[in-house]
Protein chains: 2
Amino acid sequence: MSVDGSAHAPRRMPTMRDVAEQASVSPMTVSRVLHEDPRVSSTTRDRVLAAVDALGYRRNEVARNLRLGSKSGLIGLVVTNLANPFYSQFALGVEAIAGANGLRVVLTNTDEDPERERVLVEELSARRIDGMIVVPSGADHSHLDPLAPGGVPVVLGARPPSGLPLDCVLVDDFGGARSATAALLAGGHTRVGFLGLPPSVWTSSERFRGFCVALEEAGVRLESRYVRVSQRTIPAAEEAARALLSLRRPPTALFCANSRNTLGAFRAMSQVAPSTALAGFDDFELADVLGVPLIVAAYDPRELGRTAMELLLRRMSDEDPPLEPRRIVVPATVVHYGG
Amino acid sequence: MSVDGSAHAPRRMPTMRDVAEQASVSPMTVSRVLHEDPRVSSTTRDRVLAAVDALGYRRNEVARNLRLGSKSGLIGLVVTNLANPFYSQFALGVEAIAGANGLRVVLTNTDEDPERERVLVEELSARRIDGMIVVPSGADHSHLDPLAPGGVPVVLGARPPSGLPLDCVLVDDFGGARSATAALLAGGHTRVGFLGLPPSVWTSSERFRGFCVALEEAGVRLESRYVRVSQRTIPAAEEAARALLSLRRPPTALFCANSRNTLGAFRAMSQVAPSTALAGFDDFELADVLGVPLIVAAYDPRELGRTAMELLLRRMSDEDPPLEPRRIVVPATVVHYGG
DNA sequence: TTGTACGCGTTATCAA
DNA sequence: TTGATAACGCGTACAA
């Protein structure tokens, strides 16, 4: 019955040659029809289009791009943890701008593993993606060098480059932490705790710096026993907060360097010391319904993604006079949620 | 100075031919070295590897796949809204299994626009992706037919196929809604409201069906004035809930078909009628700290993604005896959060 | 108006 | 052990 001899489904995608045969013309003519070249008689065009339709032919973009010189129309996005709403919003921002420019996004997740990141970056560049946006998980960025032979345009997200002249988009971690801490100190606190991640995480160390400066400016002493910086999960943060609040002279206010720490702290204090004042970096859904006063340093992760993609577009197009690397800082604003 | 004449950076990625020239061998030999073909003398191999290193050569996967027969190593993921944590978790599950099988994921977002979905699907298949996982936004799935000429293996996520024999993974929307509603009714309520999306959204209509059956089983009458099904955002849901709770004889319990409606309802009731009982589909972060008793139908979106990818792998490999389409339903469990 | 020849970067096959 | 040739699907220059 069927022309193929195959009973139910085509095993192979039709090619231009298949279309050409079906329409009894040369592949060249098919190509012309698909490019809407006017120098084709309308009868042959109709025959070709009929064949295209009958076979369900679609141009092979891969072969096309190979011929045209390796523009894949794909950009790579390497994030550390897509489960974090921050990064999914970030990805969405990237995708929006990329899509508007005819580019698709290949998404990959590193789980904060530098080795995995290195492998993924290699692989993406072997696929001849046109550019990459990377949230680097380690301090060594040598595998990202766009000037290295075979290098690819790169923009870093959320963390600055180390030792390489790369574009990047950052949150104002320092300023946001400083302002939020200042707002917290406006309550007149003199014993303030800090919950965060190890200083090896760049954002966290910046936030700690902002915290310290705000204390200094308010003339409040920093007590190292009030500082805990190794909580990566909500339960760990709750544990650490509970420890602080159980000291003989506990802090009366807490600043948390990210939302997981803020949430852990909230859980601990609502049980142990409900009147503790709370502030943190990162806004989160439901911050307003916790039922306690809360100050957060908020920013727009989607905006961050959009900006990163815009930087990448600029970097991808304009190549020859190597552009000065740009560092764009997205502001963080202080938001007060009422109790 | 430099061999190219170019001053600062390579304009073009080195190819096998470049390496071959640099090492004074044929491209074929380079290929063999890269494939660790043993039939190469160690001296030539060293020369080739040195050239590879010097030039920073990386194999062009695109050309390679073209030669090998259009396996791109890429799968497409088409979701409706990545900003929804459900879909980012889903994507993460897909990505995990894909990555473990050497596949990368091209991520695209439709914003629930069927036309955009159609265009994206076309484009992905023109890129010769090896398969697709799609969360369809419309009822017409004709553009997804894998049996159509040029069709691609497809698995649907979260919504069932209409009129096509496609694999899909679903949440037990009906059962979850029924169980959660039953748990709600255990409180002895006789006036129960429903907040959700229009029945055109499949998941929502299933959840409504579960809700209705639970009412029936408990001998509770369904009152249509207690049903509101057009809230897509938290504020809209809050508004609708407020309207219900302001009726002369308001419902004493509310069932919400998704987390946005649950959150809106929570906001409304905490102001208007704090003693209203609340249940909803979808778990969410912080459900336990709202300070009111809450029943949710919970499931694991990441598991859903993993399962979808596993179905796709199976579909992609085993081609010839067209497999029976499979429908896998992931269970939803009822969780009680205390007040 | 249509077709031929070649190239994009890689690899399978066969010959040397 | 190595190389020449052809081919994957498509596009461009040129010829017919």
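Quick note on labels: first sequence line is chain A, next is B, and so on, each numbered from 1. Bear in mind that the values here come from a model prediction, so they are computed numbers and not experimental data.
The backbone N or O of D113(B) lies less than 3.5 Å from no partner atom in the side chain of D111(B), so there is not a single donor-acceptor pair. In this structure a side-chain-to-backbone donor-acceptor pair under 3.5 Å is present from T108(A) to L77(A).
For dT1(D), neither phosphate oxygen OP1 nor OP2 lies less than 4.0 angstrom from any side-chain nitrogen or oxygen of T44(B). Contact annotation: T29(A) side-chain N/O to dT2(C) OP1/OP2 distance is not under 4.0 Å.
Taking atom CG on N65(B) and atom C1' on dC8(C), their separation rounds to 15 Å, with Å as the unit. Atom-to-atom, CG of L66(B) to P of dT11(C) comes out at 11 Å; the value is rounded to the nearest Å.
Ion pairing of R127(A) with E123(A) is present here, as a side-chain N (NZ or NE/NH1/NH2) and a carboxylate O approach within less than 4.0 Å. Using a 4.0 Å cut-off between charged nitrogen and carboxylate oxygen, R306(B) and E303(B) count as a salt-bridge pair.
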Fill in the blank from the handout: Heavy-atom contacts, protein to nucleotides 10-16 of chain D, under 4.0 Å, summarised as B (base), S (sugar-phosphate only) or - (none) per nt, yield BBBB---

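The residue V62(B) sits apart from the nucleic acid: no heavy atom pair falls under 4.0 Å.
Using a 4.5 Å heavy-atom cutoff, the side chains of R104(A) and S72(A) are not in contact. Residues V62(A) and N65(B) fail the side-chain proximity criterion, which asks for heavy atoms closer than 4.5 Å.
Evaluation of the side-chain hydrogen bond (donor to acceptor under 3.5 Å, both in side chains) rule for R45(A) yields no partner, not counting sequence neighbours.
End-to-end axis angle of the helix from dT1(C)-dA16(D) to dA16(C)-dT1(D), from C1' rotation axes over five pairs per end: 50° (rounded to 10 degrees).
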Practice task
Evaluate the criterion salt bridge (charged side-chain N to carboxylate O under 4.0 Å, His left out) for residue pair E324(A) and R326(A); output intermediate values, then yes/no.
Solution key: CA-CA 6 Å; E324(A) 280 300 302; R326(A) 285 186 61 182; over 6 Å; no

